[in-house]
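Owing to the predicted nature of the structure, the values given are computational and were not obtained by experimental measurement.
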Amino acid sequence: MSVQKKEKAMWEMLDRFFLRVLGEKEGTAVMAESREQAASFLASSQETSPSRRALMQSTVLPRVAVYTVLKRRGLDAEKLMEKYVREVQGPASHDRYAGLEWVPRFFSVFRWAFRKTTSSSDAWVSTFEEQPEEFDLTIHQCLWHDTCVSCGCPEVCRFFCECDNYAFGDLKKVGFRRTQTLGTGGDCCDFHFYKK
């Protein structure tokens, strides 16, 4: 999917939710201001990697911008973003993986995809260790955390981390645990996955 399509899909998810919970008038104003804020964040970014900028634009900045606008308007940004993750982004993330569990040898495919994605993208600095029925992915640097920090709101990163709990927390064929994340003040994100 192109950057433009990913970005459009992200904004559409945010629009539907915030127009519903804030009402049409306030929701429309918040979302219009959020788009301006996201564009401003992108324009002022010092990020030089084209792939990281594209990922920031399509998936990270829309949510960081909405949080920033909600807070600036005196709304309960924390509560609203928690609700968004719980009701929209988290379930969507979970469905993406759960919908693939029918694939034969799902754990092996899942592990391969994680190794390939994290080793071939500059969105993360990570290490990967695997055993026959488990693997560890330790993320030392992450685009989502870097972006939240550079936008002046490192606390927003925990909402991205929370999406992982939804995405991987209740799969039938893969177990998941983690003791810390960069977004919640940890030294790293220590993902551990195992075959169920």
Side-chain angles (χ1 to χ4, degrees), residues 3-4 6-15 17-18 21-22 30-94 96 114 117-118 121-127 137-169 176 178-191:
V3 173
Q4 292 79 14
K6 284 182 183 175
E7 183 182 14
K8 182 181 178 195
M10 178 60 64
W11 282 114
E12 286 173 352
M13 287 173 70
L14 289 162
D15 283 338
F17 176 79
F18 284 100
V21 299
L22 297 177
V30 164
M31 295 312 298
E33 192 176 335
S34 296
R35 282 174 167 78
E36 292 173 6
Q37 182 64 69
S40 175
F41 279 148
L42 187 64
S44 64
S45 173
Q46 301 298 309
E47 181 56 63
T48 58
S49 162
S51 60
R52 283 172 62 96
R53 282 184 72 86
L55 200 50
M56 283 171 55
Q57 180 180 346
S58 64
T59 65
V60 187
L61 289 178
R63 287 175 274 178
V64 174
V66 169
Y67 173 87
T68 302
V69 169
L70 291 170
K71 196 169 180 183
R72 187 163 58 224
R73 285 174 161 255
L75 296 165
D76 192 338
E78 297 279 326
K79 184 177 178 182
L80 286 165
M81 291 305 292
E82 285 171 2
K83 185 175 174 66
Y84 173 75
V85 169
R86 184 174 61 251
E87 295 180 8
V88 180
Q89 195 68 50
S93 297
H94 179 268
R96 196 166 35 247
F114 258 79
T117 300
T118 56
S121 171
D122 61 356
W124 304 275
V125 174
S126 63
T127 54
L137 172 66
T138 305
I139 297 177
H140 307 284
Q141 185 178 352
C142 156
L143 173 65
W144 287 258
H145 183 252
D146 294 346
T147 302
C148 293
V149 170
S150 71
C151 291
C153 48
E155 71 276 13
V156 180
C157 194
R158 76 177 180 87
F159 300 115
F160 294 102
C161 300
E162 185 64 23
C163 279
D164 294 335
N165 295 332
Y166 284 94
F168 312 123
F176 160 69
R178 185 172 60 183
T179 67
Q180 60 181 318
T181 69
L182 293 166
T184 56
D187 297 323
C188 64
C189 302
D190 59 348
F191 292 85

Might you point out which heavy atoms bring Ala65 and Ser34 nearest each other, and give the distance in Å? CB-O, 3.3 Å
With a 4.0 Å cut-off, would you call Asp15 and Arg35 a salt bridge? yes
In Å and rounded to the nearest 0.5 Å, what is the SG to CG distance from Cys142 to Leu182? 6.5 Å
Rounded to the nearest 0.5 Å, how far apart are CG of Leu143 and OG of Ser49? 8.5 Å
Verdict with supporting geometry, Gln37 and Phe41, side-chain contact (heavy atoms from CB on, under 4.5 Å): CA-CA 6 Å; Gln37 182 64 69; Phe41 279 148; 3.3 Å; yes
Who are the side-chain contact (heavy atoms from CB on, under 4.5 Å) partners of Ser150, not counting sequence neighbours? none
Using every non-hydrogen atom in the two residues, find where Gly90 and Cys163 come nearest and quote the distance to one decimal. N-SG, 4.2 Å
Kindly assign one of parallel, tilted or perpendicular to the pair Tyr84 and Phe18, based on the angle between their ring planes and the thresholds 30° and 60°. parallel
Side-chain donor-acceptor pair present, Tyr67, Glu155, cut-off under 3.5 Å: yes
Donor-acceptor under 3.5 Å (Ser93 side chain, Gln89 main chain): yes
As a quick check of understanding, evaluate side-chain contact (heavy atoms from CB on, under 4.5 Å) for Trp11 and Val66, giving each step before the final call. CA-CA 10 Å; Trp11 282 114; Val66 169; 4.1 Å; yes
Rounded to the nearest 0.5 Å, how far does OG1 of Thr127 lie from CG of Leu137? 7.0 Å
Please walk me through it: do Phe176 and Asn165 pass side-chain contact (heavy atoms from CB on, under 4.5 Å)? CA-CA 8 Å; Phe176 160 69; Asn165 295 332; 3.6 Å; yes
Shortest non-hydrogen contact from Lys71 to Ala77? N-CB, 3.8 Å
Roughly how far, to the nearest 0.5 Å, is CG of Leu42 from CE of Met56? 5.5 Å
Taking it one step at a time, do Val60 and Phe160 satisfy side-chain contact (heavy atoms from CB on, under 4.5 Å)? CA-CA 9 Å; Val60 187; Phe160 294 102; 4.0 Å; yes
Separation between CD (Glu47) and OG1 (Thr147), nearest 0.5 Å, reads 7.5 Å
Give, for atom CD1 of Ile139 and atom CG of Asp164, the distance between the pair rounded to the nearest 0.5 Å. 7.5 Å
Do the non-hydrogen side-chain atoms of His94 and Pro91 ever get within less than 4.5 Å of each other? no
Could you check whether any side-chain heavy atom of Lys83 comes within less than 4.5 Å of a side-chain heavy atom of Phe17, counting everything from C-beta outward? yes
If I compare all heavy atoms of Val64 with all of Thr68, which pair ends up nearest, and what's the gap? O-OG1, 2.8 Å
Find out whether Gln180 and Asp187 are in side-chain contact, i.e. whether some heavy atom of one side chain is under 4.5 Å from a heavy atom of the other. yes
By side-chain contact (heavy atoms from CB on, under 4.5 Å), Val149 pairs with (sequence neighbours left out) His145, Pro154
Contact check, side chains of Arg158 and Glu82, non-hydrogen atoms, under 4.5 Å: yes
Pairs in or reaching into residues 53-63: which pass side chain to side chain donor-acceptor pair (under 3.5 Å), with residues at least two apart or in two chains? Glu7-Gln57
